[in-house]
Amino acid sequence: MIMVGRRPTPAPRAATTAPSTTAATTRVRRILFLSALSILLTSLFVLHHQTAALVDGSGGGTKDGSSSSGSSSTMYFDAPRVMMDRLEEEFVGAKRKLDSVLAAAGASAGAASGGAASGGGGGGGESGGESTTTQGGGKATSGSAAVSWPERMLPSLPKRPRAAAVAAGGTAQSTSRHHQQHWQQQRRQQQQEGEPKQEEPMINISALPIWQRPYDFAAHYQGRRDIQDQSHSHLSPQHQNHYNRTMRHGEEHGQHGTATWLDLYNTGGVPQHPYDPTGNRSMNILLLYADDWRYDTLGAAGNTIVSTPALDDLSKQGIRFTHNCVTTSVCWVSRVSMFASLYLSRHNTTKPREFYLNWNQTVYDLMQKEGGYHVGHIGKWGVNHPYKQRPDFEVEEDGWHYDTRGGRLWHVTEKNEADALRFLESRPRDKPFFANVAFFATHAVDGDKRQYLVQNKSRTLYEDDVIPDPPNNDLRSYNALPEFFEATNEGRTRWRWRYETPDKQQHMMKNYYRMASEVDSACDLILKELYLQGELDRTLVIFTTDNGNYHAEHGLADKWYPHQESIRVPLIIRDPRMSADVVGTINEELTLNIDLAPTMLAAAGITAPDHMMGRDMAQLYLGTEQAQTPNVASGRYLPHDDATRWRSEFFYEHPIISHKEYIPSSEALVRKDYKYFYWPDYKVEQLFHLAEDPGEDFDLLDTRRDGGGVGNLTDEQLGVLTDMRRRFAELKKVIQRQQKRNVIV
């Protein structure tokens, strides 16, 4: 009888398995599968952080969760690979354990199924594997496909070329002694056990992009040795020994020694091509361009801790500018301003992804098209412009301290150095060259709270030094900043990352100085290569940086704001045209990053376009009759600037980044004796008397301070404020008159 509205009851069927047991087995498998997945994800997370910690040398953390500042020189290049080996072993062990657990679970389920079955055959496992059950016996033999961890869930671990080479009978050339012993022991064990050897992966180096090709330093320095054998047999024994020491210094890949490029130059072993201003060959131009490096991070600038012997020697052979500044203190803006000679308000690159210039308005294109130069860019662009691959040689490296290129783990400064040497070796010899070696150091890795990751060769530098704490790294100085500087301000956030405690401040500053010394070492090797090619005496060499850096002054870190620590950067120029009485001197005029392009173009015999806003700095050391005469009407010199004298002030601007609580916009009028700040987002102004307050700690307009405020200014100070307000407004109007235009007129 069928009852309407009710589903008919199905006829019972013979049970082949115990339902409750099958469900339990399924749950067990699902739990184990999820556990395996959890282990995989957790291990990958640990791999990421422990690898980073090992590369940094910080060793991760201690048992109680506190960080360890100790470093181990044996955990340098192979730290990620060793960690990968360790995790691979853990994965294999976990797989075996899970196999055994799953096998036991399958056997238990099979036994339960067999006991409950009435003469029926055992059902297949959920994964589709085999399970044979004796009739009524309950014994199950589990196939591996039925209960093992699915192979598709095993991690796809990257190949390790070095480990594969060792397994194939190679040697661990780039490893520490500890890890060489480890790989040798592993190889002996494999041979004893008769395990098959891995084949070394074959890599067609020539098919790789040029930026991925590993640099053969041994071949490079063997080539330099060949030059020595063929061309330097005439050196005196003293000079020959000196030269050999220098070559050993280079073979150690830039480690600081007793011989710098200047020592090599002074041997006189390699004849140099002299610069002939009347000839057809223009001088070469080499720009050594570092990052986040302020004016006093040089031994030549009076810093008694940081070691920069190559750059100090460059200062001895050239001229050092003590009051060189940037018009905007942030990477991408400053770099565009440098190679276009324009203020931010003219090129309008307020974000790294913005680029409104035509390429023919940059120093790169002008050198290439009008000067016939072989043009190279090595390292950081800092801006996502759409004209990549326009230079004859281009290798972009930005945003990292350690990464793999061509199967090798590189430090970014080491990679910048190798690419610069490759440029110099591969360039055509029948034309002059222009190269910007744009180091990423000493920039921190944004978002990584370790900030500065150094090379192994530098880890022992400054171990016994104590980095002085700035006198205005205290709460009083931080509270003296305008009231809108809250805890969410990025300058304060990064101060907490780097300088919040004395131990952290020592650790960070030593690593910062180590990275500066690494850049110096790279510059040394590049200048040595120029000398060995005979090109040093017809090359204009410039060292400078894109912006400064707070080292805890005012309770801040990084850059952006108009204080001296942020906007003043080093500038050293070695020019073949210099007279002997200029070499080794300093200059205290206000020079700017926008002056670099006109200076380099003038040295190349190219007239700077009228829209460029900078000036040829050569007039400061060659005299105005030998430097470019500016077209004053073009606007290159701002109102009231006299073409016959150098600037006595300049306008500073910086855009808001993200939002005003994060990095507020700022503007300033900068003179050598006074500085006027204006914060547009809050309509706050400040005035500092730099001659009496070089640390910019006492705002003369701050009513929170005793004796502060406009009403307490002296007549002289009030006159200065009135004049600076007027001049500030005048310069701002001129500079920002083309703001938000996408094409420069």
Side-chain angles (χ1 to χ4, degrees), residues 49 52-53 55-61 66-71 290-297 303 305-306 329-331 399-402 411-413 439-455 458-459 461-463 465-479 481 485-519 545-561 563-569 657-658 662-663 695-696:
H49 287 278
V55 172
D56 180 44
S58 61
S66 61
S67 62
S68 172
S69 60
S71 62
D291 200 320
D292 278 11
W293 183 318
R294 69 191 220 182
Y295 69 100
D296 58 357
T297 306
N303 191 313
I305 295 178
V306 69
S329 182
V330 71
C331 301
W400 56 275
H401 286 168
Y402 279 98
H411 188 276
V412 66
T413 303
F439 297 99
F440 180 65
T442 55
H443 198 294
V445 178
D446 287 337
D448 188 329
K449 292 189 177 181
R450 296 168 303 162
Q451 299 290 275
Y452 304 112
L453 312 181
V454 303
Q455 297 180 44
S458 305
R459 293 184 184 277
L461 286 175
Y462 315 119
E463 272 188 335
D465 291 308
V466 177
I467 311 300
D469 190 29
N472 54 353
N473 176 25
D474 54 27
L475 196 59
R476 175 194 61 80
S477 295
Y478 177 71
N479 288 336
L481 294 171
F485 273 80
E486 301 289 348
T488 55
N489 185 282
E490 184 65 3
R492 189 61 172 175
T493 298
R494 298 192 185 192
W495 175 87
R496 288 192 291 271
W497 289 359
R498 300 177 193 174
Y499 310 124
E500 189 173 25
T501 66
D503 288 345
K504 189 180 291 187
Q505 187 253 3
Q506 290 295 312
H507 174 74
M508 291 291 181
M509 282 303 303
K510 287 179 181 180
N511 277 352
Y512 177 90
Y513 281 167
R514 287 162 183 153
M515 293 189 73
S517 294
E518 290 165 4
V519 170
T545 70
D546 61 353
N547 50 253
N549 205 259
Y550 294 103
H551 295 164
E553 293 85 1
H554 310 283
L556 298 174
D558 240 287
K559 56 248 182 185
W560 309 305
Y561 308 124
H563 299 100
Q564 296 290 81
E565 296 85 4
S566 171
I567 69 173
R568 278 180 69 186
V569 297
I657 297 181
S658 184
Y662 183 73
I663 298 175
E696 297 163 289

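From a predicted model like this one, the values you see are computed outputs, not experimental measurements. All values below were derived from every heavy atom in this structure, side-chain atoms included, with hydrogens, water molecules and symmetry-related copies excluded.
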Kindly compute the distance separating [atom1] ([X]) from [atom2] ([Y]), expressed to the nearest 0.5 Å.
X	Y	atom1	atom2	answer
Leu461	Arg459	CG	CZ	11.5 Å
Thr488	Ile663	OG1	CD1	11.0 Å
Leu481	Glu486	CG	CD	11.0 Å
Asp546	Cys331	CG	SG	4.5 Å
Asn489	Tyr561	CG	OH	3.5 Å

Fill in: Aromatic ring proximity His554/Tyr478, centre distance under 6.0 Å
no
Discussion item. Centre-to-centre under 6.0 Å for His401 and Tyr452, is that the case here?
Written reply: no
Are the side chain of [X] and the backbone of [Y] linked by a donor-acceptor contact shorter than 3.5 Å?
X	Y	result
Tyr295	Ser566	no
Ser517	Tyr513	yes
Lys510	Ile467	no
His411	Thr413	yes
Gln564	Gly695	no
Glu518	Gln455	yes
Arg492	Ala487	no

Worksheet item: After noting the C-alpha distance and the side-chain angles of Tyr512 and Asn549, does the key distance pass the side chain to side chain contact (heavy atoms under 4.5 Å, CB included) rule?
Response: CA-CA 11 Å; Tyr512 177 90; Asn549 205 259; 4.1 Å; yes
For [X], enumerate each residue passing the side-chain hydrogen bond (donor to acceptor under 3.5 Å, both in side chains) test, keeping only those at least two apart in sequence or located in another chain.
X	result
Gln505	none
Trp400	Glu397
His551	none
Asp292	Asn547, Lys559

If you look at every heavy atom in [X] and [Y], which pair is closest and at what distance?
X	Y	answer
Phe440	Ala444	CZ-O, 3.7 Å
Tyr662	Ile657	CD2-O, 3.4 Å
Ile567	Ser329	CG2-CB, 4.4 Å
Ala441	Met515	CB-CE, 3.6 Å
Gly555	Asn473	CA-OD1, 4.3 Å

Side chains of [X] and [Y]: does their closest heavy-atom pair fall under 4.5 Å?
X	Y	answer
Tyr550	Trp495	no
Pro502	Asp469	no
Lys504	Tyr499	no
Met508	Gln451	yes
Pro468	Ile305	yes
Arg450	Val445	no

Worksheet entry | Basic-acidic side-chain contact under 4.0 Å: Glu490, Arg494 | yes
Fill in: Partners passing side-chain contact (heavy atoms from CB on, under 4.5 Å) against Ala516 (at least two apart in sequence or in another chain)
Trp293, Thr297, Val306, Thr442
Worksheet item: What residues form a salt bridge (Lys or Arg N to Asp or Glu O under 4.0 Å) with Arg498, not counting sequence neighbours?
Response: Asp558
